[in-house]
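Shown next, in structure tokens, is the structure this report addresses.
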Amino acid sequence: MGDKLIENANFEDTGYSYTLSLISGKYKPIILYCLMEYEPVRFNEMQRYIKVADKTLSQNLKELENDDLIIRTVYPQIPPKVEYTLTDRGHSLVKVLDQLCEWGNTHKNIYR
């Protein structure tokens, strides 16, 4: 295979680990997929699409915003309007998410 030794390796130092730290969890990949397909998306639209509690969705959105993957835009109107879109950094993940979709579409019916 190669000269790499697992004794000298640390998974947390890998790019794979870093990427997973940003998009891991039950809802973050779904949020990113939703924005990839439908942006801009309002909070209530996303909640209906994902079927998740307010608090859970809010927490995940805040984490994605803090990681500079999404932008939260608040419009000063009554009732308040909030939309989410992908940042340039978030858009750079689209290729990765597309690959996951392609793999799933190819393999989803093989073992059913």
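All heavy atoms count here, side chains included; hydrogens, waters and symmetry mates do not. By convention here, the first residue in the shown sequence is residue 1. Computed from a prediction, not measured in an experiment: that's the story for all the values here.
Residue Cys101 comes nearest to Met36 through the heavy atom pair SG-CE, 4.5 Å, listed as atom of the first residue, atom of the second, then distance. Across all non-hydrogen atoms, the minimal contact from Tyr33 to Leu97 is N-CD1, 4.3 Å. For Lys28 against Asn60, the heavy-atom pair with the smallest separation is CG-OD1, 3.4 Å. Residue Cys34 comes nearest to Met46 through the heavy atom pair SG-CG, 4.2 Å, listed as atom of the first residue, atom of the second, then distance. Taking both residues in full, the closest heavy atoms of Glu45 and Arg42 are given as OE1-N, 2.8 Å, listed atom of the first, atom of the second, then distance.
Ser58 contributes no side-chain N or O that, together with a main-chain N or O of Lys55, makes up a donor-acceptor pair within less than 3.5 Å. Remark: the backbone N or O of Gly15 is paired with a side-chain donor or acceptor of Thr19 at under 3.5 angstrom. Thr85 contributes no side-chain N or O that, together with a main-chain N or O of Pro40, makes up a donor-acceptor pair within less than 3.5 Å.
For CD of Gln77, the number of neighbouring non-hydrogen atoms (other residues, nucleotides, ligands) closer than 6.0 Å is greater than 12. Within a 6.0 Å sphere centred on CG of Asn105, heavy atoms belonging to other residues, nucleotides or ligands number more than 12. Other residues, nucleotides and ligands contribute only 12 or fewer heavy atoms inside 6.0 Å of the NZ atom of Lys62.
Ring geometry for Tyr84 against Phe43 counts as tilted: the plane angle lies between 30° and 60°, on a 0 to 90° scale.
Ile71 and Leu61 fall into different hydrophobic clusters, where Ile, Leu, Val, Met, Phe, Trp and Tyr are joined by side-chain heavy atoms under 4.5 Å apart, directly or via other members. Both Val52 and Ile70 are assigned to one and the same hydrophobic cluster, defined by single-linkage of ILVMFWY side chains at heavy-atom distances under 4.5 Å.
Counting heavy atoms from C-beta on, the side chains of Glu39 and Leu86 come closer than 4.5 Å. Two residues are said to be in side-chain contact when any heavy atoms from C-beta on lie closer than 4.5 Å; Leu22 and Leu69 meet this criterion. At least one side-chain heavy atom of Val82 sits less than 4.5 Å from a side-chain heavy atom of Arg72.
Interatomic distance, CD of Glu63 versus CD1 of Ile23, reported as 13.5 Å (0.5 Å rounding).
Through direct or relayed side-chain contacts under 4.5 Å between Ile, Leu, Val, Met, Phe, Trp and Tyr, Leu20 connects to Phe11, Tyr16.
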